[in-house]
Amino acid sequence: MQNCGVNTIRTMTNLTAKHATSGSTWGVDGETGNIVDMEEFGVWDTLQVKSQVFKTAIETAILLLRIDDIVSGVKKQSDIDAEKMAGKFQAAPQRGSGR
């Protein structure tokens, strides 16, 4: 909405009021910034938009899971390294002085 030069807050407030009183087919004309009935204006959400939303959500979830696996792997590796270091610093077994 900012790209078409309208006051975003005022326009969104007017659009919300229009939805409450006249139904949910109202939207903002991207060229003029006016609130128009999208059904009369001939604008509908396409399947491509909705499909892209789902694809993006899935890709984001996969990315977060990969990052979680990497972070978990780093933690596990640091635990292994800590155990190795603890093993190096254990006291050496005492040998008997059986002379």
Side-chain angles (χ1 to χ4, degrees):
M1 284 189 289
Q2 292 173 346
N3 289 343
C4 58
V6 298
N7 182 333
T8 305
I9 295 171
R10 183 177 297 143
T11 304
M12 287 304 295
T13 303
N14 292 340
L15 182 61
T16 303
K18 206 65 148 154
H19 283 167
T21 60
S22 302
S24 61
T25 61
W26 293 88
V28 178
D29 179 356
E31 293 179 2
T32 64
N34 296 328
I35 295 176
V36 295
D37 187 354
M38 290 294 157
E39 188 173 352
E40 290 177 11
F41 206 61
V43 175
W44 299 96
D45 280 341
T46 62
L47 177 61
Q48 290 176 336
V49 173
K50 291 181 186 341
S51 296
Q52 187 60 44
V53 168
F54 285 118
K55 287 178 187 178
T56 303
I58 291 169
E59 289 172 1
T60 303
I62 290 170
L63 178 66
L64 289 173
L65 290 172
R66 284 184 186 157
I67 291 171
D68 186 49
D69 287 344
I70 292 169
V71 170
S72 296
V74 169
K75 273 187 172 179
K76 290 177 185 174
Q77 185 61 39
S78 65
D79 291 344
I80 292 169
D81 292 341
E83 288 174 6
K84 287 179 182 177
M85 291 301 290
K88 287 183 181 178
F89 292 112
Q90 288 180 353
Q94 296 291 328
R95 296 184 182 190
S97 59
R99 288 189 190 186

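Starting from 1, each residue takes its place in the sequence as its number.
Annotation: side-chain contact (heavy atoms from CB on, under 4.5 Å) contacts of Ile67 (sequence neighbours excluded): Leu63, Val71. Shown here are the side-chain contact (heavy atoms from CB on, under 4.5 Å) partners of Thr21, two or more places apart in sequence or in another chain: there are none. Qualifying side chain to side chain donor-acceptor pair (under 3.5 Å) partners for Thr32, counting only residues two or more places apart in sequence or in other chains: Asp29, Asn34. Take Ser24 and apply the side chain to side chain donor-acceptor pair (under 3.5 Å) test, not counting sequence neighbours, and it matches no residue. With sequence neighbours excluded, the residues forming a side chain to side chain donor-acceptor pair (under 3.5 Å) with Asp37 are Thr25, listed by chain and number.
The 12-atom threshold is exceeded at CG of Leu64, counting heavy atoms of other residues, nucleotides or ligands nearer than 6.0 Å.
When all heavy atoms of Val28 and Thr11 are compared, the pair lying nearest together is CG2-CG2, 3.8 Å. Taking each heavy atom of Ile9 and Asn7 in turn, the nearest pair found is N-OD1, 3.2 Å.
In the hydrophobic clustering (ILVMFWY side chains linked at under 4.5 Å, chained through shared members), Val36 is joined by Met38, Phe41, Val43.
The CE atom of Met12 sits 8.0 Å away from the NE2 atom of His19 when rounded to the nearest 0.5 Å.
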